[in-house]
Amino acid sequence: MSSKPKVAFYWCASCGGCEEAVVDLAEDILEVVKLVDIVFWPVAMDFKKRDVEALPDKSINIAFINGAIRTSEQEEIAYLLREKSQLIIAFGSCACFGGIPALANLYSKFEVLNDVYIESPTVDNAAKFLPQTTSIDNNGKQIELPEFYSQVRALDEIISVDYYLPGCAPTPKLIANTINMLLGDNLPTAGSTLLPDIALCEECPRKDSKPTDLSITEYKRICENLVDPEKCLLAQGFLCMGPITRSGCEALCIKGNMPCTGCLGPTSRVVDFGAKAVSMFASLSSGKNEEEIEKNYAQVMDPVGTFYRYHLSKSLLRGKLERGI
Amino acid sequence: MKYFYYPGCSLRGMGKAYEESWLKVCQKIGIHLEEIEDWNCCGSTTYLGFDEIKSLVLVSRNLAMLEKEGGSEVITPCIACYYLFNRTNHNLRDYPQLKTETNKMLQEVGLTYSGNVKVRHPLDVLVNDGWMEKISQNIEKRLERFKAVCYYGCQLLRPYCEFDNPKNPKNMDILVSLTGVDVLDYPLKTKCCGAIITSNIPEKGLELVYVLLKEARKRKADFIVVTCPLCQFNLEFQQEKIMKVYEEDVGLPILYYTQVLGLAMGISLKELGITRCLTLTPEFERSLI
Amino acid sequence: MSTNNKEIRIGFYICHCGTNIAGVVDVDKIREFIAKKDNVVVSRNYKYMCSDPGQELIQKDIQEHRLNRIVVASCSPLLHEKTFRNTLEKAGLNPFYLQMVNVREHVAWVHSDNEKATEKAKALCNAAINRVRYNKPLEKKRVPFHQDVLIIGGGIAGIHSALILASAGKKVYLVEKKPTIGGHMAMFDKTFPTLDCAACILTPKMSAIKENKNVVLWTNSEVIKVEGYVGNFKVTIKRNPRYVREDLCIGCGQCIESCSYKEAKYPDEFNLGLSKRKPIYIPFPQAIPNSAIIDDKTCIHFKMGKCKQMCLSACERNAIDFNQKEELREIQVGAIIVATGFKIYDPQKEPEYGYGVYPNVYTSLEVERLINASGPTAGEVILRDGTKPKSIGIIHCIGSRSEKANKWCSRVCCMYSLKLAYLLKKHTHAEIYNFYIDMRTPGKMYEEFYDRLLMERVHFIRGKVAEVTDISLVKEEEGKLILRVEDTLASVIRRIPVDMVVLSVGLEPSEDTQKLAHILNIGLSAEGFFQERHPKLAPVSTFSEGIFIAGCCQGPKDIPDTVAQAGASAAEAMAMIDAGYFEIEPITAHVLDEFCSGCKSCINICPYSAISYDESKKKVFVNETLCKGCGTCSATCPSGVMKQNLFEDDQILNEIEGLLVYE
Amino acid sequence: MSEQNWEPKIIAFFCNWCTYTAADLAGVSKLSYAPNVKIIRVMCSGRVDPQFVLYAFANGADGVLIGGCHPGDCHYSEGNYKTLRRISLLKKMLTQFGIEDDRMRLEWISGAEGEKVKTVINEMTENIRKLGPLNIPEKFITWDRELEKRNRGSEYKLRV
């Protein structure tokens, strides 16, 4: 066996974008491959669970896990990798905060399954079958299938995580930097997020165009308005999460003339991304009575979806409180 | 403009002249009144003394029927009805128990009452709903040669009046002034006329009316303008007796404000019920024409 | 979030406050409960924590047990936080390691169920223990204190404060809205209960204001803006034109003589319209400044632009200046004393008393002028209809103690009614009737004065007058004003005919009280008077440091109490000035520079413009002398880099958790 | 705590200058009110970060009360308007989380209104008593019970 560090990749509840991001390293991936041994990467290579089980405990140096935890299968692999790995990296916003899948925490498990398997217009399921946890295979043998949990969880709600690299998806540059850092001698403090602890405005190219006396009379939706490509998006009345979100992405979305949606998560001093977003956007708005104020927010159609787009699992309230089973 | 209307029994009896003149004025200025169907007597203050619940039911039945017809406001020109309707509303709102009991009885005839019908007096409607312009437009002969005092009495103003200053009301003064009548200052305008005390403790009742008349005379009024059938009756009917007891001529004609408005609009004395007036001396009648 | 940091050593003390707290809250139970908490080294209960032995107990424990955090559960921090901070300081501990728990005002005094009260106290104490771990040492900030003082209002309160401060060598700006100082007291005839003449005791003080070099007197002026903070107020004052130069006018009155108006035509404000004045006038003979003033609303020159301007040539000293304009003056002061007095209740709000209808119904203040030797009738009581009254009714409590008018007792009306009864009796020998609800005569020699009046054959009828009317029922009533009243001692309804009615009107907040409260950023009590910081222990302070209140602007009171408050305000201001500096609470905000992204969200939030953007560093910074410590920026900051001292996120979050999660 | 002897737990944030003073006044006036509200003193209602509100709910509060000076009377000029703006957006968001409107209340109470402190606290306690417990910590435990079905060794870690 080679003495190169062993690396594992796994995906849980995610879109696959994070896997894509690794591939996006392009030629650089060859450099990586030179340096490490990949021992588990279901998307790209044919390893089985039993191969990992066969490894001695803590024999994997670094395991990158992307995606949130929604099923018992994802949970199981997360445990397995935790046992076998020295460092677990929560890779991407879903693993770090629950990500987009966590918005399902506004609905019950039944509502989700019903919508996907029965109500959806593209589904033909007259018998109204829903996923089961047991089934009989062709040989008449009962097999166990993964359970779909009622809750989407971030990785660290299941296992302890050593480092976080949020992003939807993390940029190739961040990935390369992270790998280099982890292979180096100076490891950052355990539990830290591998991004600058300063908000995105710091590196935003439109920073100077933001006025100091901002007072917004009506928040606008990006889909219904023309966007000035030079001016601070928040100053234009768009709900740009830049001030709340960590920097590190080099303001990619803003360079694409789209407001930041907050995928890199909050800085270390913020407890709850959405609450802080509410506080800031409300503070920047005007209005001296309830009517005027309500008007400011009329276009904020979906506060939870907007302010917790990636963070609902790790928010203080975690999801809708009464939502059945 | 349509209003729901509750005449009350006084206006069909003793206060007939009030209704006659009121309806004429309404007709003239374009107020359309829709009488509550199958209305009953409000019970007045007398009934209140016998049985509170039944008194509430008597009033509530009228207002419940109005609600059933889709109304939310009612005009009642009679002061006793105005007082009692308001009192019922307040009691039903303040004491849920009374409301429950009242509605229980109303349900026997298939009615319920919310306690929320707005009770309005013509003095409120004419001034606050913008009818003054219409009145002015219809004035045909100004009554500038007359001096008068406006006498409001007590029940209209206290305790439920919200449309005028209960201590120093103005609405009747304003309306009567439109006709050109010189409305004199009259500090007694909110004093009690004695109402039914006149029959129980006649000397007290007479005294109260005497002062009212004397002061009006002292101020050189040609007549007193009133808004309540009972005031009108008391002030008129007692005059003869008073003049005997006090040995003083304090006689004065007593007119409803609606009669004064009607006169200025050129409506005939008969149509306005002025000919029913007990104190209508031939000289005064002549002066009106 | 409980941290078990060995370095943290907490001392916990719960006060019995006699039986105030211990009578409701089980202090032993709380002490035992807290003793078991992590990091708690000492947990005690004691009868009076604020007493010397109580404080010494803390000091001793700090030294013996090396305590570095103190929690005191007692009364409101607004009352004793300073006391216990000093205790910590004396023991060599940073005073901001203190956390107080309000178990008296917020627990013992408002809950009667002992068990539930104890449970609540437990949660509050637990929260404080949680929070105090995160408290940080802070340095109090000293700001230099400007030596000058602004006094708003030139009545007896303002005059008295000004003279005290001036005699101590402080420079005082005395600002009065009217053309003269003197206030209501200058209008009074005699003062109760001693019956010394108001002018005799007031005018020397008014002259002293004029003479004193340390007093800058600005009459006809208003405060329109106040900026800054304790020790460093920047005040803008609008000086309305007088059109007569105060420095030149000697008050000879030649100009008034020569005015184009031969007859005085306009109601004289000082005499409440009981006499007339010309457009150019001197408010009253002893006015300070004793200088004429032109009323531009009535002067022909200002109204029509064509007047022979006889006054101009009549003035030998060329004091008249039609070109005066309003000016804005900006001054720097360290402290402000507000002494804006009161206004009287408008009796026309209650038409049953006939004020404004019957000419012979007067307010008590008008009667003061009427019996004053320098008043409109030279002290003779001649009614508006020219007659002399043979009988007079004085109605107490007009506008006071009423559900429909003002609920409060105006405190001075009983006494001044007695005084007026006495004086009217002396002046007219009329029959005098006092109609009262209750006689309220608390004060030195006050009850004795009432006794004296009883001996003077003044009538007292207990009952609130129902109405004043001119409608007579019998011959004797004709031409009189009849007072209808229920005599509640004799249980009869009376009709009392009189020639003159005096309405003893109550006291109300003066007109601009609300406006001034906004300008000064001080509170109003429910009645609309200025709110004192504490009704007993800080009666002349306000919630804005460095701003004091004196006299009737704080609530109705008589002259002795007003003067006492004026003195107290002056002393409080002086104490601050002489300290030379003021210690401000270090509850200001600051930025964790390194982590600020420069998003600028906080800048416009700050009401004091204390936050600015550093263009070179591309980050914000806080000017801590401008910051008043509201913490709004901290709540706004989207990346948690704006910290408010003593109210940091982790301190509050731990307090919240402590209230909810314990045991 | 069992449903039966459940008592509403309410966290209040009162501004130092108006509402906290009013609560002191209520105390001095010996007004009696429900013991369910526990007060945290902040200098200005503008200091109340929506994070505090959510943190209180997440830790078991059944209601959150915020008290500030009346509009126009803020000791810090306009802090209370900022509170109003935050609370109105926060309420909009809390609805999505299924937290009833009555569980968060913003009241303007001046330093002189001790009586109002009493009324508001009593009213709010009763309103929340009618709504019943929110008890989020308990909910989290229920939600996470599905994870207990599996044996997952030493690394197992629950959020609450």
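So you know, we letter chains A, B, ... as the sequences are listed, proteins then strands, and number each from 1.
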Chemist: Where do Ser283(A) and Arg85(D) land on the side chain to side chain donor-acceptor pair (under 3.5 Å) test, with the steps shown first?
Modeler: CA-CA 7 Å; Ser283(A) 302; Arg85(D) 290 171 201 152; over 6 Å; no

Chemist: Is there a side-chain contact between Leu54(D) and Val271(A) (heavy atoms, below 4.5 Å)?
Modeler: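 With C-beta onward as the side chain, the pair stays apart.
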
Chemist: Give the member of Leu90(D), Thr83(D), Ile87(D), Asp49(D) that has the highest number of heavy-atom pairs under 4.5 Å with chain A.
Modeler: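 The residue among Leu90(D), Thr83(D), Ile87(D), Asp49(D) with the greatest pair count is Asp49(D).
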
Chemist: Between Arg153(A) and Glu146(D), does any NZ, NE, NH1 or NH2 come within less than 4.0 Å of an OD or OE carboxylate oxygen?
Modeler: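 Yes.
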
Chemist: Between Phe57(D) and Leu317(A), what is the shortest heavy-atom contact and its length?
Modeler: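 For Phe57(D) versus Leu317(A), the nearest heavy atoms are CB-CD2, 4.1 Å.
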
Chemist: Any chance you could measure Leu316(A), atom CG, to Phe52(D), atom CZ, to the nearest 0.5 Å?
Modeler: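 Output value for this atom pair is 11.5 Å.
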
Chemist: Looking only at atom types and distance, does a side-chain atom of Gln96(D) sit under 3.5 Å from a main-chain N or O of Val304(A), one as donor and one as acceptor?
Modeler: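 Yes, because the side chain of Gln96(D) sits within donor-acceptor range (under 3.5 Å) of the backbone of Val304(A).
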
Chemist: What I want to find out is whether Glu322(A) reaches Lys139(D) closely enough, with some N-O distance under 4.0 Å, to be called a salt bridge.
Modeler: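 Yes.
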
Chemist: Report which part of Ser286(A) has an atom under 4.5 Å of a heavy atom belonging to chain D: side chain, backbone, both, or neither.
Modeler: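 The backbone, not the side chain.
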
Chemist: Working to the nearest 0.5 Å, report the span between NZ of Lys320(A) and CD1 of Ile99(D).
Modeler: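 So the NZ of Lys320(A) and the CD1 of Ile99(D) are separated by 11.5 Å.
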
Chemist: Would you mind checking which part of Ile136(D) comes under 4.5 Å of any heavy atom in chain A, side chain (CB onward), backbone (N, CA, C, O), both or neither?
Modeler: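 The side chain, not the backbone.
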
Chemist: Considering only heavy atoms, which portion of Leu94(D) lies under 4.5 Å from any heavy atom of chain A: side chain, backbone, both, or neither?
Modeler: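 When you check distances to chain A, only side chain atoms of Leu94(D) fall under 4.5 Å.
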
Chemist: If you count heavy-atom pairs under 4.5 Å with chain D, which of Met280(A), Glu292(A), Lys288(A) comes out on top?
Modeler: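 Looking at each option in turn, the highest pair count goes to Lys288(A).
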
Chemist: How about Glu53(A): does its CD atom have over 12 heavy atoms from other parts shown lying under 6.0 Å from it?
Modeler: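 For Glu53(A), atom CD is crowded (more than 12 foreign heavy atoms under 6.0 Å).
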
Chemist: What part of Leu106(A) gets closer than 4.5 Å to chain D, counting heavy atoms only: side chain, backbone, both or neither?
Modeler: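 For Leu106(A), the side chain is the part near chain D, not the backbone.
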
Chemist: Look at Tyr297(A), Tyr308(A), Phe307(A) and state which one has the largest set of heavy-atom pairs under 4.5 Å with chain D.
Modeler: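 Sorted descending by pairs with chain D, the first entry is Tyr297(A).
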
Chemist: Please classify the contact between Asn296(A) and chain D as side chain, backbone, both or neither, with a heavy-atom cut-off of under 4.5 Å.
Modeler: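 Interface part for Asn296(A): neither.
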
Chemist: To the nearest 0.5 Å, what is the distance between CD on Glu290(A) and CG on Leu106(D)?
Modeler: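 Interatomic distance, Glu290(A) CD to Leu106(D) CG, rounded to 0.5 Å: 8.0 Å.
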
Chemist: Flag yes if more than 12 heavy atoms outside Tyr107(A) fall under 6.0 Å of its OH atom; otherwise flag no.
Modeler: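 Atom OH in Tyr107(A) is not crowded, with 12 or fewer foreign heavy atoms closer than 6.0 Å.
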
Chemist: Can you tell me how far the NZ atom of Lys82(D) sits from the OG atom of Ser279(A), to the nearest 0.5 Å?
Modeler: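 Reported value, rounded in 0.5 Å steps: 11.5 Å.
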
Chemist: Calculate, to the nearest 0.5 Å, the distance between atoms CG and OH belonging to Asn289(A) and Tyr81(D) respectively.
Modeler: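 It is 8.5 Å, given to the nearest 0.5 Å.
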
Chemist: Do any N or O atoms from the side chain of Gln51(D) and from the backbone of Asp272(A) form a donor-acceptor pair under 3.5 angstrom?
Modeler: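 Side chain of Gln51(D) to backbone of Asp272(A), a donor-acceptor pair under 3.5 Å: yes, one is there.
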
Chemist: Are Trp143(D) and Arg323(A) side-chain neighbours, meaning at least one heavy-atom pair lies under 4.5 Å?
Modeler: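 Yes, at least one pair of side-chain atoms sits under 4.5 Å.
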
Chemist: Given heavy-atom pairs under 4.5 angstrom as the criterion, report whether the side chain, backbone, both or neither of Ile69(A) touches chain D.
Modeler: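 Contact with chain D: none, neither part.
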
